[in-house]
*Asks:* 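Quick one: structure below, then a few questions.
Just so it is clear, the structure is predicted and the values come from calculations on it, not from any experiment.
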Amino acid sequence: MDRLSGLMAFARTAELGSFVAAGRAMGISASAVGKSVARLEQELGVRLLQRSTRRIGLTEEGKLFNERVRRILDDIEDAEAMLSRTRETPHGRLRVSTPIVTYHLLLPVLSDFMARYPEIELDIDFNDRIVDVIEEGIDVAIRSGELPDSRLVARPLAPFRLLLCAAPSYLERHGTPKVPGDLAQHFGIRFRFPNSGKLQDWPLVAGGIEPRSMLTCNNMEALKGATIAGLGIGCMPDFLVREALREGKLSCVLDDHIDGRGQFRMLWPSNRHLSPKVRVFVDFLPERLAVGR
């Protein structure tokens, strides 16, 4: 039990950056946290934390140790949840990693989830970085595209379409393309995937015909803003531009010549017990988003 207390004290200190904050979270004094971590360091024979007058950080050894400790504590939490009789009241922090652009899908429905499960603390990282779900202790990741990691369970979430859009002001100046070949006379705003550095292919049925690139960016929100500003034609998911289309800020072009379909999926580790908080989240989202679309 002393070793487990030391691991918990270390993990909390690493997460919060101070003994005071860790003690407050654990319901014990800061000095008790510090002594517990010091005993752990003495037993291991290595310094895990770098102390300073302003903040406590992890040493290189501490970073490696923290990754393993977080997985151990997550497994303990899952085991407790499996044996708990409070399965009807899921609780605890739920760590979710999801692409930035998905906030258009998630934010409208999260209030319903929070009202239904008030004891779950959502910790959502809106980030286009490809995370290692297992190594980084992520409960659920939302991703599109290929799923190469066989250690993960995948569940379909929300399908979407890719659309070619342009601002009315742009179409007034340059005309509206009627067939894909017309794009040779137009300017395009291209999306570059931040992880691979590759340019997004436009989903034209004819293929191979794209306008001259006027601007390239690695953020869909920036791409939408540039398109609304009339800088060129942009390719974006339907849920991102739905409001702009409704308000007349954007118009779809070449809709009959596009075959762009995408699919978001939820991912979680296959070798871990599905805790109540994860189960209700992965059950809630597909149902709620299907209603919303």
Side-chain angles (χ1 to χ4, degrees), residues 15 25 70-71 73-163 220-221 224 236-243 246 261-293:
E15 175 187 2
R70 290 181 65 162
R71 293 205 298 271
L73 295 179
D74 282 343
D75 286 342
I76 292 174
E77 181 182 346
D78 283 352
E80 290 175 344
M82 181 179 63
L83 297 176
S84 174
R85 294 185 178 182
T86 61
R87 193 176 284 270
E88 297 304 318
T89 55
H91 65 281
R93 185 173 66 148
L94 182 67
R95 301 186 67 214
V96 180
S97 174
T98 186
I100 295 173
V101 72
T102 59
Y103 83 83
H104 288 272
L105 291 172
L106 298 184
L107 292 188
V109 304
L110 287 183
S111 60
D112 290 344
F113 180 83
M114 295 166 68
R116 188 180 301 182
Y117 305 105
E119 295 185 32
I120 293 180
E121 174 194 353
L122 285 173
D123 183 352
I124 303 180
D125 178 22
F126 288 98
N127 198 314
D128 290 328
R129 180 177 65 89
I130 300 298
V131 300
D132 188 317
V133 174
I134 295 176
E135 291 295 326
E136 299 184 38
I138 302 297
D139 293 305
V140 180
I142 297 174
R143 288 290 177 266
S144 62
E146 297 298 322
L147 307 173
D149 197 334
S150 61
R151 301 173 300 168
L152 303 177
V153 176
R155 180 172 178 179
L157 184 54
F160 59 88
R161 290 186 63 224
L162 290 172
L163 305 176
M220 275 291 178
E221 287 289 350
K224 182 181 77 169
M236 291 163 282
D238 56 0
F239 61 84
L240 176 61
V241 297
R242 187 179 296 120
E243 184 175 348
R246 184 170 58 248
R261 302 182 185 278
Q263 175 79 64
F264 284 114
R265 297 176 178 85
M266 293 179 294
L267 313 172
W268 62 89
S270 61
N271 61 344
R272 286 176 52 189
H273 169 70
L274 194 61
S275 65
K277 63 184 180 183
V278 172
R279 183 178 298 280
V280 296
F281 187 76
V282 300
D283 286 343
F284 172 87
L285 274 190
E287 172 188 348
R288 189 63 179 82
L289 291 179
V291 172
R293 294 179 69 83

*Asks:* Test side chain to side chain contact (heavy atoms under 4.5 Å, CB included) on Lys277 and Tyr117; report intermediate values, then the result.
*Replies:* CA-CA 9 Å; Lys277 63 184 180 183; Tyr117 305 105; over 6 Å; no
*Asks:* Quick one: which of Leu157, Leu285, Thr98 gives a side chain to side chain contact (heavy atoms under 4.5 Å, CB included) with Phe264?
*Replies:* Leu157
*Asks:* What are the two closest heavy atoms between Leu105 and Leu289, and how far apart are they?
*Replies:*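 Nearest pair, atom of Leu105 first, then Leu289: O-CD2, 3.4 Å.
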*Asks:* Please name all residues satisfying side chain to side chain donor-acceptor pair (under 3.5 Å) with Asp112, sequence neighbours left out, ordered by chain then number.
*Replies:*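 For Asp112 the side chain to side chain donor-acceptor pair (under 3.5 Å) partners, ignoring immediate neighbours, are Arg288.
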*Asks:* More than 12 non-hydrogen atoms from neighbouring residues, nucleotides or ligands closer than 6.0 Å to CZ on Arg261, yes or no?
*Replies:* no
*Asks:* Measuring from Met114:CE to Glu119:CD, what's the distance to the nearest 0.5 Å?
*Replies:*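 The CD atom of Glu119 is 13.5 Å from CE of Met114, to the nearest 0.5 Å.
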*Asks:* Is the shortest heavy-atom distance from the side chain of Asp139 to the side chain of Val96 under 4.5 Å?
*Replies:*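 Not in contact.
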*Asks:* Take His104 and Val241 through the side chain to side chain contact (heavy atoms under 4.5 Å, CB included) test and state the conclusion after the steps.
*Replies:* CA-CA 10 Å; His104 288 272; Val241 297; over 6 Å; no
*Asks:* Backbone N or O of Ile100 within a donor-acceptor pair of the Asp128 side chain at under 3.5 Å?
*Replies:* yes
*Asks:* Can you tell me how far CG of Leu240 sits from NZ of Lys224, rounded to the nearest 0.5 angstrom?
*Replies:*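 Going from NZ on Lys224 over to CG on Leu240, the span is 5.0 Å.
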*Asks:* Which atom pair, heavy atoms only, marks the closest approach of Val140 to Ile138?
*Replies:* O-CG2, 3.3 Å
*Asks:* If you look at every heavy atom in Met266 and Pro286, which pair is closest and at what distance?
*Replies:*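 It is CE-CG, 3.5 Å.
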*Asks:* What are the two closest heavy atoms between Arg70 and Glu136, and how far apart are they?
*Replies:* NH2-O, 3.9 Å
*Asks:* May I have all residue pairs that pass salt bridge (charged side-chain N to carboxylate O under 4.0 Å, His left out) and include part of residues 93-106, sequence neighbours excluded?
*Replies:* Glu15-Arg93, Arg93-Asp123
*Asks:* Counting C-beta onward and ignoring hydrogens, is there a side-chain heavy-atom pair between Thr102 and Phe126 closer than 4.5 Å?
*Replies:*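 The answer is yes; the side chains approach within 4.5 Å.
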*Asks:* Below 4.5 Å, heavy atoms only, C-beta onward: do Leu122 and Phe113 meet side chain to side chain?
*Replies:*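 Counting from C-beta outward, Leu122 and Phe113 do come under 4.5 Å.
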*Asks:* Which value, rounded to the nearest 0.5 Å, describes the distance between Ser275 atom OG and Leu94 atom CG?
*Replies:*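 One gets 7.5 Å once the value is rounded to the nearest 0.5 Å.
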*Asks:* Measure across Gln263 and Pro159 and return the closest heavy-atom pair with its distance rounded to 0.1 Å.
*Replies:*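 Closest pair (atom of Gln263, atom of Pro159, distance): NE2-N, 3.6 Å.
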*Asks:* Once you round to the nearest 0.5 Å, how far does CZ of Phe160 lie from CE of Met236?
*Replies:* 13.0 Å
*Asks:* State, yes or no, whether a side-chain contact exists between Ser97 and Ile142 at a heavy-atom distance under 4.5 Å.
*Replies:*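 Contact flag for Ser97/Ile142 side chains = no.
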*Asks:* Side-chain contact test, heavy atoms from C-beta onward, threshold under 4.5 Å: evaluate it for Ile120 versus Phe281 and give yes or no.
*Replies:*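 SC-SC contact between Ile120 and Phe281 ruled out.
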*Asks:* Which pair of non-hydrogen atoms, one from Pro99 and one from Arg143, has the smallest distance, and what is that distance?
*Replies:*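 Smallest interatomic distance, heavy atoms only, reads CD-NH1, 3.1 Å.
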*Asks:* Once you round to the nearest 0.5 Å, how far does CG of Leu110 lie from CZ of Phe284?
*Replies:* 7.5 Å
*Asks:* Are side-chain heavy atoms of Ile124 and Tyr103 found at a separation under 4.5 Å?
*Replies:*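 Ile124 vs Tyr103: side chains apart.
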